[in-house]
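Since the structure comes first, as structure tokens, the remarks are kept for the end.
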Amino acid sequence: QVQLEESGGGLVQAGGSLRLSCAASGNIWRVNDMGWYRQAPGKQRELVAVISSGGSTNYADSVKGRFTISRDNAKKTVYLQMNGLKPEDTAVYYCNAIAIVRDQIRLGNYWGQGTQVTVSS
């Protein structure tokens, strides 16, 4: 019912930048929080950044000052600008959205398929 389409991942050198995008589509009545998570090999999935519908943001300590999350409510799209990338940032990045489908009461938690970000040294 809700699909999250991610783009922007790739291979970059340390110190480089990438911009991830994630657009929500489907029979959506409202999108609340949107965010990005990542999972590196052998590690659990962790929160990278989250942004509310009103624009309030939270970041993992490891990315503060380097990453910026933003959103376009009209397009139902969330972005993650990643600067000063480090090899430690290498992971599969997953888009997440809390949304309400039309004619439903409950909130739903939806995930993108993931996009690979690889930072070489």
Side-chain angles (χ1 to χ4, degrees):
Q1 294 179 316
V2 177
Q3 297 81 45
L4 301 180
E5 302 293 337
E6 303 171 339
S7 63
L11 173 64
V12 298
Q13 295 187 144
S17 298
L18 284 174
R19 184 175 178 84
L20 306 183
S21 298
C22 174
S25 62
N27 194 21
I28 300 172
W29 179 60
R30 179 179 179 179
V31 179
N32 289 359
D33 291 0
M34 302 186 80
W36 292 93
Y37 290 72
R38 67 186 182 187
Q39 187 166 24
K43 299 181 66 177
Q44 296 188 40
R45 187 174 300 185
E46 64 174 344
L47 173 68
V48 177
V50 63
I51 183 168
S52 73
S53 60
S56 298
T57 60
N58 283 292
Y59 297 90
D61 289 340
S62 60
V63 306
K64 287 181 179 177
R66 299 188 297 120
F67 292 8
T68 302
I69 189 170
S70 61
R71 66 188 288 167
D72 185 329
N73 289 335
K75 296 181 178 179
K76 296 183 176 63
T77 299
V78 63
Y79 307 92
L80 185 67
Q81 179 66 47
M82 304 184 292
N83 298 326
L85 284 163
K86 304 175 181 179
E88 305 92 270
D89 296 318
T90 296
V92 177
Y93 283 69
Y94 296 91
C95 178
N96 178 74
I98 307 299
I100 303 175
V101 177
R102 194 185 70 171
D103 296 328
Q104 293 189 2
I105 298 175
R106 71 176 184 86
L107 295 170
N109 193 175
Y110 301 93
W111 294 90
Q113 64 184 18
T115 184
Q116 178 71 48
V117 172
T118 302
V119 184
S120 65
S121 59

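None of the values given here were measured: they were computed from a predicted structure.
- The stretch residues 41-52 participates, sequence neighbours left out, in these salt bridge (charged side-chain N to carboxylate O under 4.0 Å, His left out) pairs: R38-E46.
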Side-chain donor-acceptor pairs of residues 114-121 under 3.5 Å, sequence neighbours excluded:
from : atom 1 : to   : atom 2 : distance (Å)
T115 : OG1    : G9   : N      : 3.4
Q116 : NE2    : A91  : O      : 3.4
Q116 : NE2    : T118 : OG1    : 3.3
S120 : OG     : V12  : O      : 3.4

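- Taking CG of D72 as the reference point, atom CE of M34 lies at 10.0 Å (rounded to 0.5 Å).
- L47 and A60 make their closest contact through O-CB, 3.3 Å (heavy atoms, listed as atom of the first residue, atom of the second, distance).
- The salt bridge (charged side-chain N to carboxylate O under 4.0 Å, His left out) search around R66 returns D89, not counting sequence neighbours.
- With sequence neighbours excluded, the residues forming a side-chain hydrogen bond (donor to acceptor under 3.5 Å, both in side chains) with N32 are R30, listed by chain and number.
- If you chain together hydrophobic residues whose side chains sit under 4.5 Å apart, V50 and L4 never meet in one group.
- Sorted by first and then second residue, the pairs that involve residues 4-18 and meet side chain to side chain donor-acceptor pair (under 3.5 Å), not counting sequence neighbours, are S17-N83.
- Here the closest non-hydrogen pair linking I51 and S70 is CD1-CA, 3.8 Å.
- Residue pairs meeting the side chain to side chain donor-acceptor pair (under 3.5 Å) criterion with at least one member in residues 50-60, sequence neighbours excluded, do not occur.
- By the side-chain contact (heavy atoms from CB on, under 4.5 Å) test, V101 is found to be paired with Q1, V2, N27, Q104, Y110, residues two or more places apart in sequence or in another chain being considered.
- With a 4.5 Å cut-off on side-chain heavy atoms, V31 and N73 do not count as touching.
- In this structure, D33 has no side-chain hydrogen bond (donor to acceptor under 3.5 Å, both in side chains) partners at least two apart in sequence or on a different chain.
- Sequence neighbours left out, not one pair with a member in residues 13-29 passes salt bridge (charged side-chain N to carboxylate O under 4.0 Å, His left out).
- Hydrophobic clustering of Ile, Leu, Val, Met, Phe, Trp and Tyr side chains at less than 4.5 Å, counting indirect connections, keeps L80 apart from V92.
- Checked against salt bridge (charged side-chain N to carboxylate O under 4.0 Å, His left out), D61 has the following partners two or more places apart in sequence or in another chain: K64.
- Residue pairs meeting the ring pair (Phe, Tyr, Trp, His ring centres under 6.0 Å) criterion with at least one member in residues 70-96: none, sequence neighbours excluded.
- Among pairs with a residue in residues 27-50, those fulfilling ring pair (Phe, Tyr, Trp, His ring centres under 6.0 Å) read Y37-W111, at least two apart in sequence or across chains.
- Taking SG of C22 as the reference point, atom NZ of K76 lies at 13.0 Å (rounded to 0.5 Å).
- F67 is not listed as a side-chain neighbour of L18, based on a closest heavy-atom distance of 4.5 Å or more.
- Of the inter-residue distances, the one linking I100 atom CD1 with R106 atom CZ reads 10.5 Å to the nearest 0.5 angstrom.
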